[in-house]
Amino acid sequence: MSIDTQAATDRLMRFLAVEGVTGKEAAIGRELAAALQESGVPADAIRLDDANTRIPVPTETGNLIVDLPGRGAMHNQPRIMFMTHMDTVPLCAGAKPKLKGRKIVNEAKTALGGDNRAGCGVLVTLAAELAKQELDHPPITLLFCVREESGLWGARHVKTQDLGSPVMAFNYDGGSASNVTIGAVGADRWHVEIFGRASHAGVAPERGISSTMILALALADLKAGGWFGKVVKGKRQGTSNVGPVTGGDGRPAGDATNVVTDYVHVRGESRSHDAKFFKEITKAYKAAFEKAAKRVKSSEGKSGRVKFKAETDYYPFRMKESLPVVKRALAAVSAIGNTPTIRAANGGLDANWMVRHGVPTVTFGAGQNEPHTIDEWINRDEYDRACALAVQLATMR
């Protein structure tokens, strides 16, 4: 499938230069809309939804949605969708993209933002090539999601009726264009508040109840029981992690070394491809914190207490290889001369929520490498293949 690779690279460099970290996507949304119009998409086919009004954390703008009517012999076929996310991780703020041979690298000591401006480049290039080459294709929806990096919020809160009822979708995120990702893990996000009792640590430490010690005992118990890190229980597998440990609102846990810590706030996660098992991991964390709280007592016999809350961040899925969306994906990868590799992701994808919404979704990469690090770079050959693959997916009969 022939595409203008120079124009595709120019678009990617343009998008990489626009800052738009998660929750602050207004500027990149405007840039994408402008590039789409320059590529021949009418302004009235481009709109923002109101997902940001339903997302429970501050979000500048809604998802960007584009409607492309069908053309030619395929104009009345069922609608398909191409999607990506337009936000980057905060580490990408201040990125300065630079061409270096067949790579795109970063001149700044930040992450580059290939995750996921490469996906944005693919979708805009798809629209441009369909218009430029006047290719036959079914009705197509393009969806650029917000706040993927901070919880898949845009995909979670999109209204499916705004998408035109696509029968299948193709998501662009990280890795190789040959990777046909048909499944992904599910995850709980949990947090626990640990309440102790402050006391002078040098004069009467025995009168205090250390929230820090409750945390330590809980984590030691979880580690000993095999619930921390990689979790394997028989044939069931998953992962867990403890993230920020604070005194709340970003403050340090504890006020001073001479005061017994009376409050600690902890956030963590549990993941698994097994929908029931990540819930079991979360349950083990809750039990460990509750047990530890009872073990730490003051000289007066009073113990600490905990308040544990968990929420499912996204649900696991694994699509059957016999589904039309998977067959189309495999055929398209082969048609552009690549060998498809079927895989499942160990991280959450916007596809998790799209599948939950009833739209079977395959995810491909677009040349992103070492995302979320200052060593991030983009493989231009893979990016070109991802663009060609999108056109193939859109036009194959």
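Start at 1 with the first residue, then count along the sequence.
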Exam field: side chain [X] to backbone [Y], donor-acceptor pair closer than 3.5 Å:
{"X": "N63", "Y": "G154", "answer": "yes"}
{"X": "E376", "Y": "N369", "answer": "no"}
{"X": "E60", "Y": "A26", "answer": "yes"}
{"X": "E149", "Y": "H85", "answer": "no"}
{"X": "E129", "Y": "I3", "answer": "no"}
{"X": "D262", "Y": "V260", "answer": "no"}
{"X": "S334", "Y": "A331", "answer": "no"}
{"X": "N352", "Y": "R356", "answer": "no"}
{"X": "S211", "Y": "I194", "answer": "yes"}
{"X": "D173", "Y": "D115", "answer": "no"}

So, [X] versus [Y]: side-chain donor-acceptor pair below 3.5 Å or not?
{"X": "T59", "Y": "R147", "answer": "yes"}
{"X": "E25", "Y": "T61", "answer": "no"}
{"X": "Y285", "Y": "S240", "answer": "yes"}
{"X": "R207", "Y": "S298", "answer": "no"}

Residues pairing under ring-ring contact (aromatic ring centres under 6.0 Å, His included) where one sits in residues 305-339, two or more places apart or in two chains, turn out to be W190-F308, Y315-W353

Could you identify which residues cluster with V259, counting Ile, Leu, Val, Met, Phe, Trp and Tyr as linked when any side-chain heavy atoms lie under 4.5 Å apart, either directly or through a chain of such contacts?
none

Would you say that L99 contacts R380 through its side chain, given a criterion of any heavy-atom pair below 4.5 Å between the two side chains?
yes

Apply side chain to side chain contact (heavy atoms under 4.5 Å, CB included) to [X] and list each qualifying residue two or more places apart in sequence or on a separate chain.
{"X": "R71", "answer": "L130, D136, H137"}
{"X": "E193", "answer": "F195, Y263, H265, K307"}
{"X": "T84", "answer": "N116, C120, L123, F144, Y172"}

For residues 32-41, run the donor-acceptor check on the side chains, cut-off 3.5 Å, and write out each pair with its distance to 0.1 Å, sequence neighbours left out.
{"unit_1": "E38", "atom_1": "OE1", "unit_2": "R14", "atom_2": "NH1", "d": "2.8"}
{"unit_1": "E38", "atom_1": "OE2", "unit_2": "R14", "atom_2": "NH2", "d": "3.1"}
{"unit_1": "S39", "atom_1": "OG", "unit_2": "A35", "atom_2": "O", "d": "2.9"}

Got a salt bridge between [X] and [Y], using NZ or NE/NH1/NH2 to carboxylate O under 4.0 Å?
{"X": "E290", "Y": "K286", "value": "yes"}
{"X": "E311", "Y": "R156", "value": "yes"}
{"X": "R47", "Y": "D67", "value": "yes"}

Mind checking salt bridge (Lys or Arg N to Asp or Glu O under 4.0 Å) for [X] and listing every partner two or more places apart, or none if nothing turns up?
{"X": "R236", "value": "E280"}
{"X": "R271", "value": "E269"}
{"X": "D188", "value": "K279"}

Show me the donor-acceptor pairs within less than 3.5 Å that the side chains of residues 220-231 make with the rest of the protein, sequence neighbours left out.
none

Criterion side-chain contact (heavy atoms from CB on, under 4.5 Å) on M83 and C145, from CA distance to verdict:
CA-CA 8 Å; M83 61 183 295; C145 292; 4.0 Å; yes

Within the supplied structure, the quantity of interest is the number of heavy atoms (other residues, nucleotides, ligands) at a distance under 6.0 Å from [X] [atom1]; does it exceed 12?
{"X": "E134", "atom1": "CD", "answer": "no"}
{"X": "R318", "atom1": "CZ", "answer": "yes"}
{"X": "R54", "atom1": "CZ", "answer": "yes"}

Which is it for N106 and T110 under the side chain to side chain donor-acceptor pair (under 3.5 Å) test, yes or no, and what are the steps along the way?
CA-CA 7 Å; N106 192 4; T110 69; 2.9 Å; yes

What is the ring orientation for W153 with H157, classed by angle as parallel under 30°, tilted 30 to 60°, or perpendicular over 60°?
parallel

Counterpart residues, ring pair (Phe, Tyr, Trp, His ring centres under 6.0 Å), relative to F15 (two or more places apart)
none

Run the side-chain donor-acceptor check on residues 358-365: report pairs under 3.5 Å with partners two or more places apart or on a different chain.
{"unit_1": "T361", "atom_1": "OG1", "unit_2": "V359", "atom_2": "O", "d": "2.8"}
{"unit_1": "T363", "atom_1": "OG1", "unit_2": "N171", "atom_2": "ND2", "d": "3.2"}

Pair E321, I342 - check side-chain contact (heavy atoms from CB on, under 4.5 Å), show working.
CA-CA 9 Å; E321 295 178 26; I342 293 178; 3.5 Å; yes

Going only through I, L, V, M, F, W and Y residues with side-chain contacts under 4.5 Å, is there a path from L349 to L143?
no

Same apolar cluster (I L V M F W Y, side chains within < 4.5 Å links), L389/L135:
yes

